[in-house]
J.: 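Shown below is the structure under consideration.
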Amino acid sequence: MNPAPRVRFAPSPTGSLHVGGARTALYNWLFARRHGGTFILRIEDTDVDRNKPELVDQILEAMTWLGMTWDEGPFRQSERYDLYRQAAERLLSEGKAYRAFETPEELEAARKAAEAQGETFRYSGAGREIPKAESDRRAASGEPFVIRLKMPDEPIVVDDVVQGRAEFPAGVLDDFILMRSDGHPLYHFSVCVDDVAMGITHVIRGVDHLANTPKHVALFRALGAEPPRFAHLGMILGPDGKKLSKRHGAAGAEEFRAQGLLPEALVNFLALLGWSPGEDRERMTMDEMAALFSLERIGPSPSRFDHEKLAWLNGQYLQDVPDARLAELVKPFGVPGSCPDETLLRAIPLQKPRAKTLVELAQGLSSWVADPADWDAAGLKKFGKPANAPLLRTFLARIAAVSPLTHAGIEEAARALAAEAGVKLGDLAQPVRLALTGTLASPPLFEMIEVLGLETTRRRVLALAARIEPEPTPS
RNA sequence: GCCCCCAUCGUCUAGUGGCCUAGGACGUCACCCUUUCAAGGUGAAGAUCGCGGGUUCGAAUCCCGCUGGGGGUACCA
């Protein structure tokens with residue numbers, strides 16, 4: 001058996017945890033769990049200009065919320081500069097890398113010129129020709145330089161676990177920069193140095209890195225290490241097929257959290273974007289997924305983010321959350337803390353089948369807590385005819401006589417009243433529902449009244465009755 | 001421009017040469033249940049497997065071309 005794999009998730013703190021990143025993290029996590037490996041968290045913060053340190057905590061929190069715990073780290077690349085400098089020195093002394101003294105301006109000009117010709121700019125490799133002694137002397141004299149890798153003069157084959165085999169011809173890649181003139185390592189370099197140092201065996205990341213992979217392969221070899229296995233994941237697109245962004249509603253983990261989604265649902269949904277365990281399995285816990293996960297079953301193509309399906313899945317999960325837990329979870333979404341837990345606990349079982357998210361649950365719960373501020377216009381139009389006012393009052397009188405006030409008893413009274421009045425039960429129930437909730441949609445009415453109690457019911461019903469009664473003769 | 005990748009119902013996908021009259025899920029529609037709305041149950045519509053050529057007795061599955069989409073081509077990550 002192969003040694004236990006070591007994988008890493010390496011976000012850069014230039015934004016919050018995007019769902020694309022969350023899915024990458026998840027696949028790494030799942031892979032590590034599946035094979036008893038190690039999941040490492042590494043913060044790629046070498047771009048001093050674009051980093052936002054405060055985002056690191058946000059990313060860690062999102063990871064935790066999603067249930068992805070890491071075994072090692074978080075390591076920060078900004079704290080590992082010595083490592084990169086040493087590696088660069090070594091490459092330099094081994095002749096696998098060299099100093100180049102062109103200024104950014106010179107390079108930019110050369111790039112412009114090449115583009116004007118309709119050609120791809122590639123660094124000339126001029127620095128390769130500078131004798132070692134001269135290079136050392138110029139560096140010692142303080143002349144700014146970058147360190148570039150000598151790319152091998154042979155094609156590089158990347159045998160990707162999910163994207164398949166890709167061959168990159170020799171000569172299309174130039175001698176790219178490892179260390180900037182200010183001494184900061186560049187992404188490609190710090191990544192490979194760290195991957196070697198951390199003993200990474202499998203690199204699972206987005207396809208946007210596939211084209212960079214030959215650089216990494218060359219770098220691993222220069223560093224004297226066997227390149228890891230690569231698995232490049234297809235992009236996650238918005239419903240319109242464009243790159244997913246806030247424009248599509250939500251793109252960051254904490255935005256989904258704010259929308260009232262459950263982490264287990266989001267994680268399950270994300271896992272299915274590109275991976276399938278086969279046998280038509282869809283709903284799975286993280287443990288189940290971890291048991292079934294394999295890189296071979298990841299598809300190569302990009303996928304669109306379908307909010308509808310996520311919502312459905314979330315609704316499924318929501319039904320299984322114990323009511324007491326739900327009572328806690330829903331509180332940040334606007335259910336007044338003043339609502340007695342007893343009411344909440346009786347309302348939740350009736351309300352939750354009607355909710356797909358915690359936000360919807362909180363909305364549904366609101367009418368158990370507060371009298372309706374207003375009545376639905378369509379409802380008023382349909383059931384607000386003055387003749388209903390006496391019906392409502394009679395209804396109140398009838399249920400006042402029901403003792404104890406059980407939903408079965410209330411239903412019995414309601415049915416009797418409807419029969420007497422010669423109307424369908426719905427014609428009585430709907431006005432009452434409008435009075436209690438302000439809307440025409442709610443959980444079963446009689447159970448609601450049982451929980452709400454006579455006082456609240458009376459107050460709300462009288463309010464509506466007063467509203468629909470004929471004006472006291474304007475004349 | 002150059003290099004690389006991708007392409008099955010509207011969406012996520014199963015499918016790795018015969019089991020495919022292409023399966024499941026979301027969504028949609030219908031019916032059932034029903035005091036409303038959901039949930040739930042049952043069922044239906046929906047994919048000439050992007051297009052065109054090959055290979056093969058046989059292709060969604062292999063090969064080539066095309067088209068469309070995406071990525072890379074930075075002293076960004």
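In what follows, chains carry the letters A, B, and so on, assigned in the order in which the sequence lines appear, proteins first and then strands, with residues in each chain numbered from 1.
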J.: In this structure, how many angstroms lie between the P atom of B:C2 and the OH atom of A:Tyr123, rounded?
T.: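 Value for this atom pair: 26 Å.
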J.: How close or far is atom C1' of B:U35 from atom CG of A:Asp427, stated in whole angstroms?
T.: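 Checked: the CG to C1' distance equals 10 Å.
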J.: OP1 or OP2 of B:A25 sitting under 4.0 Å from any side-chain N/O of A:Arg283?
T.: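 So the side-chain polar atoms of A:Arg283 never come under 4.0 Å of the phosphate oxygens OP1 or OP2 of B:A25.
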J.: Across all strands, who's sitting opposite B:G43 as a Watson-Crick or G-U wobble pair, both distances under 3.5 Å?
T.: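 Across any shown strand, B:G43 pairs with B:C29.
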J.: Hey, which sits more toward the 5' end of RNA chain B by its nearest nucleotide, A:Glu44 or A:Leu425?
T.: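 Nearest-nucleotide comparison on RNA chain B picks A:Leu425.
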J.: Quick one, give me the B/S/- string for nucleotides 37-51 of chain B, reading 5' to 3', where B means a protein heavy atom under 4.0 Å from the base and S means that only happens at the primed atoms, P, OP1 or OP2.
T.: BBSS-----------
J.: Any pair with a residue in residues 434-450 of chain A that passes side-chain hydrogen bond (donor to acceptor under 3.5 Å, both in side chains), sequence neighbours left out, goes on the list, sorted by first then second residue, please.
T.: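 Non-adjacent pairs meeting side-chain hydrogen bond (donor to acceptor under 3.5 Å, both in side chains): A:Arg346-A:Glu450, A:Arg433-A:Ser442, A:Thr437-A:Thr439.
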J.: Figure out the CZ/P separation between A:Arg165 and B:C6, and round it to whole Å.
T.: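 From A:Arg165 CZ to B:C6 P: 13 Å.
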J.: Tell me: CG of A:Asn268 to C1' of B:C26, nearest whole Å?
T.: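 About 13 Å, once rounded to whole Å.
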J.: Which donor-acceptor pairs under 3.5 Å do side chains of residues 7-15 of chain A form with protein atoms, sequence neighbours excluded?
T.:
{"from": "A:Arg8", "atom 1": "NE", "to": "A:Asp195", "atom 2": "OD1", "distance (Å)": "3.0"}
{"from": "A:Arg8", "atom 1": "NH2", "to": "A:Asp195", "atom 2": "OD2", "distance (Å)": "2.8"}

J.: Would A:Asp182 and A:Arg180 pass as an ion pair if we require N to O under 4.0 Å?
T.: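 Salt bridge between A:Asp182 and A:Arg180, a charged N being under 4.0 Å from a carboxylate O: yes.
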J.: Do other residues, nucleotides or ligands put more than 12 heavy atoms under 6.0 Å from A:Asp153 CG?
T.: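 No.
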J.: Using a 4.0 Å heavy-atom cut-off to protein, can you give one letter per nucleotide of nucleotides 9-16 of chain B, 5' to 3': B if the base is in contact, S if only the sugar-phosphate is, - if neither?
T.: --SBSSS-
J.: For B:U73, give its Watson-Crick or G-U wobble partner with both distances under 3.5 Å, or none.
T.: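 Looking at the geometry, B:U73 pairs with B:G1.
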J.: Which base, if any, makes a Watson-Crick or G-U wobble pair with B:C62, both distances under 3.5 Å?
T.: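 Result: B:G54.
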J.: Rounding to an integer number of angstrom, what distance separates B:G40 and B:C33 when you compare their C1' atoms?
T.: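 Nearest-Å result for B:G40 against B:C33 at atom C1': 9 Å.
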J.: Considering only atom P, compute the distance from B:C37 to B:G24 and round it to an integer number of Å.
T.: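 Their P atoms lie roughly 29 Å apart.
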J.: C1' atom, B:C9 versus B:G70: distance in rounded Å?
T.: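 Those two atoms are separated by 23 Å.
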J.: Say we look at B:U16 and B:C63: how far apart would their C1' atoms be, to the nearest angstrom?
T.: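 My reading of the C1' atoms in B:U16 and B:C63 gives 16 Å.
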J.: Using modelled atom types and a 3.5 Å cut-off, is there a donor and acceptor pairing between side-chain atoms of A:Lys352 and backbone atoms of A:Gln319?
T.: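 Yes; at least one donor-acceptor contact below 3.5 Å.
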J.: Take a 6.0 Å sphere around CD of A:Glu412 and say whether it holds more than 12 heavy atoms from other residues, nucleotides or ligands.
T.: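 Count not over threshold, so no.
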J.: One pair to check against side chain to side chain contact (heavy atoms under 4.5 Å, CB included): A:Leu292 and A:Arg281. What are the steps and the verdict?
T.: CA-CA 10 Å; A:Leu292 261 17; A:Arg281 289 207 57 184; 3.6 Å; yes
J.: Please tell me if the side chains of A:Arg148 and A:Tyr123 come closer than 4.5 Å, counting only heavy atoms from C-beta onward.
T.: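 Yes, side chains in contact.
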J.: Rounded off to whole Å, could you give me the CZ-to-C1' distance for the A:Phe176 and B:C3 pair?
T.: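 Between C1' of B:C3 and CZ of A:Phe176: 16 Å.
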J.: Side chains of A:His184 and A:Ser190: any donor to acceptor distance under 3.5 Å?
T.: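 No, A:His184 and A:Ser190 have no side-chain donor paired with an acceptor closer than 3.5 Å.
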J.: Rounding to an integer number of Å, can you tell me how far A:His307 NE2 sits from B:A25 P?
T.: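 To the nearest whole Å, that distance equals 23 Å.
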J.: Taking the same atom, C1', in B:A59 and in B:A45, what whole-Å distance lies between them?
T.: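 These two C1' atoms come out 28 Å apart once rounded.
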J.: Report yes or no: does A:Asn388 contribute a side-chain atom to a donor-acceptor pair with the main-chain N or O of A:Leu391 at less than 3.5 Å?
T.: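 No.
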J.: Using a distance-only test with no angle check, is there a side-chain donor-acceptor pair under 3.5 angstrom linking A:Asn212 and A:Tyr187?
T.: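 Judged by distance alone, the side chains do not pair up.
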J.: On a whole-Å scale, what distance lies between the C1' atoms belonging to B:C66 and B:C26?
T.: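 Roughly 33 Å separates the two C1' atoms.
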J.: Which sits closer to the 5' end of RNA chain B, A:Gln77 or A:Arg433, going by the nucleotide each is nearest to?
T.: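 Per heavy-atom nearest nucleotide, the more 5' residue is A:Arg433.
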J.: What does the list of N/O pairs under 3.5 Å between the protein and nucleotides 62-66 of chain B look like, with a distance for each?
T.:
none

J.: Going 5' to 3' along nucleotides 70-76 of chain B, which nucleotides have protein heavy atoms under 4.0 Å from the base (write B), which only from the sugar-phosphate (write S), and which from neither (write -)?
T.: -BSSSBB
J.: If you draw a 6.0 Å radius around CD in A:Glu106, do more than 12 non-hydrogen atoms from other residues or ligands fall strictly inside?
T.: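 Atom CD in A:Glu106 is packed in, count exceeds 12.
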J.: Please classify the nucleic acid contact of A:Arg281 as base, sugar-phosphate, or nothing, using heavy-atom distances under 4.0 Å.
T.: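 Here A:Arg281 touches no strand at all.
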J.: Can you tell me how far C1' of B:U35 sits from NZ of A:Lys382, to the nearest Å?
T.: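 After rounding, the reported distance stands at 13 Å.
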J.: In whole Å, measure the gap between the C1' atoms of B:G15 and B:A7 for me.
T.: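 So the two C1' atoms sit 15 Å from each other.
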J.: Please give the distance between the P atoms of B:U8 and B:A47 as a whole number of Å.
T.: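 Per the computed distance, 15 Å lies between those P atoms.
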J.: Taking the side chain from A:Asn28 and the backbone from A:Ile204, do they hold a donor-acceptor pair closer than 3.5 Å?
T.: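 Yes, A:Asn28 side chain to A:Ile204 backbone: donor-acceptor pair under 3.5 Å.
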J.: Check for me whether the distance between the ring centres of A:Trp275 and A:Phe293 falls short of 6.0 Å.
T.: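 Yes - the distance between ring centres of A:Trp275 and A:Phe293 falls below the 6.0 Å cut-off.
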J.: Take atom CG of A:Asp159 and atom P of B:C4, then tell me their distance rounded to the nearest Å.
T.: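 Roughly 16 Å, once rounded to whole Å.
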J.: If the plane angle is over 60° it's perpendicular, under 30° parallel, otherwise tilted; pick one for A:Phe305 and A:Phe256.
T.: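 If you compare the ring of A:Phe305 with that of A:Phe256, the planes turn out tilted.
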J.: Just by distance, no angles: are the side chains of A:Thr357 and A:Asn314 close enough, under 3.5 Å, to form a donor-acceptor pair?
T.: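 Absent: no donor and acceptor within the cut-off.
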